[in-house]
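Below you'll find the structure, written out as structure tokens, and then a few comments.
Given the structure is predicted, the values throughout are model-derived calculations rather than measurements. Reckoned from all heavy atoms, side chains included, excluding hydrogens, waters and symmetry mates.
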Amino acid sequence: MNNQYFYEGTSGPWELVIGLEVHAQVTSKAKLFSGASTAFGAEPNTQVAFVDAAMPGMLPVINGFCVEQAIKTGLGINADINLVSVFDRKNYFYADLPLGYQISQFLRPIVGKGHLDIELEDGTVRRIGITRLHLEQDAGKSIHDQHPEKSYIDLNRCGVALMEIVSEPDLRSAEEASAYVHKLHSIVRCLGTCDGNMDQGSMRVDVNVSVRKAGSPFGTRAEIKNVNSIKFLAQAIHYEAERQIAILEEGGEILQETRLFDSARGTTRPMRSKEHAHDYRYFPDPDLPPLVLDPTWVDEIRQTLPELPDAKKARLMKDYELTAYDASILVSEMEIVAYFEKAIKSLKSPTSKVVKLLANWLIGEVFGALNRESKTIEACPVSPSHLAGLINQIQVGVISGKIAKEVFILMWETGKDASSLIEERGLKQVSDDNAILAVIDKILAEHHSMVEEYKSGKDKLFGFFVGQVMKTMGGKANPELVNKLLKQKLEG
Ligand code: ADP
Ligand code: MG
């Protein structure tokens, strides 16, 4: 078994060491060095400029918009922006790479050291170092499964702008690695620099994993390529940790190699032994001068950054006294915060107590219902203003929290708002002393011997009487009032 940080081997605990390289596709309509479209799902080879296909004499021209997105992302991960960076050729042969090299950045990336903070379930916050972010081109796609003897090539992706974001080997568990990818995802989505769509390959993760005995130097790592979901990320890490520990405990050695994750089996298998930088013969691309940024432009971009998830979280905690955990759930996706903030606007009195109630409803009931039906918040049948309407009804005492759950289900099913459903179905809370007293009298008369027992000291029976009154009144009696009146009756 393994706990969060340590894997138990026969020789005792092993520590996991993980570093991630995330490829995030820039949300740009055009490619990094050409005007060809980047739209997803087009017919093969319909979005290929001459330069993407490496036609003789074609020259790359840098796309300023992509540069701006890289700067934004760098600022969003608290990183240094390098005012001078250089594009290099990373040389290798592959049929889906007509140039014979990938234009990337090696020694001088556009973004240097940064960091981001991850929150773990137990409330701890850990700061994870980021080594660099560089811009590079994507390659095309080889298709091997459509013909028994032939491979097909689709160059649509060829030349699409990617940001490669490399972390320090600071992560120590699958949970931390997942939290890191989640955080990065929420930052790029918030900035609008990458759509974060892992299904369509707009965000892919290369996972570097090694194990060591606590306090020892880092062990040799294996790199698992192109993991495309957070679930697979955790599976790949667990599998790899166990594979490496088994080898080491039998006295074997870990090979530094690139491995592939097999999502059907939940395992990894070798792809190629590790290539070295010198194998790629990196050198500055003579077709592209160094990229020199105007510091006033970088400052302008800094000034126009949106409020990032961490700042949003701090604001929600300060303004509404939300817990760190609740606040981080609410800011984890832009659509969720947007829903929450819209709902707040429809609250009659948005005091921190009421906003907290709203947050509890959103995280509890709404997320629960969305999960059950595998819906995203954008497809939520209860609109933000309708949810706020329900909270308003609870807050002014028209319905109890318990009836509210019933109303919520009706709202979900019908799309109607809370007040019309309460009216229609007669769910209004009864706060009329006399109506409640009448029921109390009836209940106490029916349970005469229990009243005697209560009076002789069996305090626990109080809850029974409350329950009976509520049941008789179809759950609609104001619970506070029932408590108060019952006490008066029994003690008077
Ligand atoms: P490469 O470009 O060859 O993949 P890098 O030096 O850029 O190599 O490192 C890639 C990633 O590997 C980084 O995210 C880094 O944090 C991680 N890494 C480096 N050493 C280790 C190690 N011993 N165990 C786990 N991850 C590591
Ligand atoms: Mg790598």
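In this structure, the side chain of Asn156 engages the main chain of Glu43 through a donor-acceptor pair within 3.5 Å. With hydrogens and angles ignored, the 3.5 Å screen pairs a side-chain donor or acceptor of Glu175 with a backbone N or O of Glu121. Side-chain atoms of Arg132 never come within 3.5 Å of backbone atoms of Pro109 as a donor-acceptor pair (strictly under, hydrogens ignored). Between the side chain of Ser210 and the backbone N or O of Phe218 there is no donor-acceptor pair closer than 3.5 Å. A distance-only check finds no donor-acceptor pair linking the side chain of Gln244 to the backbone of Gly219 [under 3.5 Å]. The backbone N or O of Thr268 sits nowhere less than 3.5 Å from a side-chain atom of Asp262 that would complete a donor-acceptor pair. Without hydrogens or angle criteria, Ser28 side chain to Cys66 main chain gives no donor-acceptor distance under 3.5 Å. For Asn208 (side chain) and Gly19 (main-chain N/O), a donor-acceptor pair under 3.5 Å exists by modelled atom type. Here the side chain of Lys31 pairs a donor or acceptor atom with the backbone of Gln47 at under 3.5 angstrom.
Between the side chains of Ser202 and Asn197, no donor N or O sits under 3.5 Å from an acceptor N or O. Ser349 and Gln395 are linked by a side-chain donor-acceptor pair at a separation below 3.5 angstrom, with hydrogens and angles left out of the test.
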Side chain to side chain donor-acceptor pair (under 3.5 Å) assessment of Thr258 paired with Glu223: CA-CA 5 Å; Thr258 304; Glu223 176 174 355; 4.7 Å; no

Evaluate the side chain to side chain donor-acceptor pair (under 3.5 Å) criterion for residues Trp14 and Glu249: first the C-alpha distance (whole Å), next the side-chain angles of each, then the deciding distance (0.1 Å), finally the verdict. CA-CA 10 Å; Trp14 291 86; Glu249 295 208 321; 2.8 Å; yes

Step-by-step side-chain contact (heavy atoms from CB on, under 4.5 Å) determination, Trp412 to Leu370: CA-CA 10 Å; Trp412 185 276; Leu370 290 172; 3.6 Å; yes

Between Arg221 and Gln256, is the side-chain contact (heavy atoms from CB on, under 4.5 Å) condition met? List the steps. CA-CA 6 Å; Arg221 71 190 146 110; Gln256 186 168 336; 3.6 Å; yes

Please assess Phe367 against Ile377 for the test side-chain contact (heavy atoms from CB on, under 4.5 Å), listing each intermediate value before the final yes or no. CA-CA 8 Å; Phe367 285 7; Ile377 191 127; 4.1 Å; yes

Taking it one step at a time, do Glu406 and Arg425 satisfy salt bridge (Lys or Arg N to Asp or Glu O under 4.0 Å)? CA-CA 11 Å; Glu406 244 176 75; Arg425 318 250 167 161; over 6 Å; no

I'd like to know whether Lys312 forms a salt bridge (Lys or Arg N to Asp or Glu O under 4.0 Å) with Glu341, so could you lay out the CA-CA distance, the side-chain angles of the two residues, the decisive distance to 0.1 Å, and finally the verdict. CA-CA 11 Å; Lys312 275 204 176 94; Glu341 301 208 284; 5.7 Å; no

Passes side-chain contact (heavy atoms from CB on, under 4.5 Å), Glu68 versus Trp297? Steps please. CA-CA 9 Å; Glu68 185 179 343; Trp297 185 44; 3.7 Å; yes

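Every salt bridge (Lys or Arg N to Asp or Glu O under 4.0 Å) that Asp117 has, sequence neighbours left out, goes to Arg127. For Lys318, there are no salt bridge (Lys or Arg N to Asp or Glu O under 4.0 Å) partners two or more places apart in sequence or in a different chain. For Asp310, the salt bridge (Lys or Arg N to Asp or Glu O under 4.0 Å) criterion is met by Lys183, not counting sequence neighbours.
Using a 4.5 Å heavy-atom cutoff, the side chains of Glu333 and Arg189 are not in contact. At a threshold of 4.5 Å between non-hydrogen side-chain atoms, the residues Ile344 and Leu358 count as touching. Side-chain contact between Phe465 and Lys489 is absent, with no heavy atoms from C-beta onward closer than 4.5 Å. Annotation: side chain of His23 is in contact with side chain of Glu164 (closest heavy-atom distance under 4.5 Å). Counting heavy atoms from C-beta on, the side chains of His182 and Ile230 come closer than 4.5 Å. Residues Leu390 and Ile399 have side chains in contact (heavy-atom distance under 4.5 Å, counting atoms from C-beta outward). When side chains are defined from C-beta on, Tyr180 does not count as touching Ile18, because their heavy atoms never get closer than 4.5 Å. Between Lys72 and Leu305, the closest side-chain pair of non-hydrogen atoms falls below 4.5 Å.
One distance of note links CD1 of Ile245 with CD of Glu15; it measures 11.0 Å at 0.5 Å rounding. To the nearest 0.5 Å, atoms CD1 (Ile187) and OG1 (Thr193) are separated by 9.5 Å.
More than 12 heavy atoms of other residues, nucleotides or ligands shown are found within 6.0 angstrom of CD on Glu424. For Gln303, the CD atom counts as densely surrounded, since its 6.0 Å shell holds more than 12 non-hydrogen atoms of other residues, nucleotides or ligands. Within 6.0 Å of the NZ atom in Lys213, the count of heavy atoms belonging to other residues, nucleotides or ligands exceeds 12. Within a 6.0 Å sphere centred on NZ of Lys375, heavy atoms belonging to other residues, nucleotides or ligands number more than 12. Open room surrounds CD on Glu423; 12 or fewer heavy atoms of other groups in view lie less than 6.0 Å from it. Within a 6.0 Å radius of CD in Glu452, more than 12 heavy atoms belonging to other residues, nucleotides or ligands are found.
When all heavy atoms of Ser346 and Asn392 are compared, the pair lying nearest together is O-ND2, 3.2 Å. Arg157 and Gly201 make their closest contact through NH2-O, 3.8 Å (heavy atoms, listed as atom of the first residue, atom of the second, distance). Contact between Ala241 and Leu16 at its shortest, heavy atoms only, is CB-CD2, 3.7 Å. The two residues Ala177 and Leu20 have their closest heavy-atom pair at O-CD1, 3.9 Å. Scanning both residues, Thr73 and Leu191, for their nearest heavy atoms gives CA-CD1, 3.7 Å. Looking at every heavy atom in both residues, Ala79 comes nearest to Val111 through CB-CG1, 3.4 Å.
Cation-pi check for Lys487 over Phe462 is met; the charged atom lies under 6.0 angstrom from the ring centroid and within 45 degrees of its normal.
Classification of the His238-Tyr7 ring pair by plane angle, with boundaries at 30° and 60°, yields tilted. Between Phe261 and Phe232, the two ring planes are tilted [angle within 30° to 60°].
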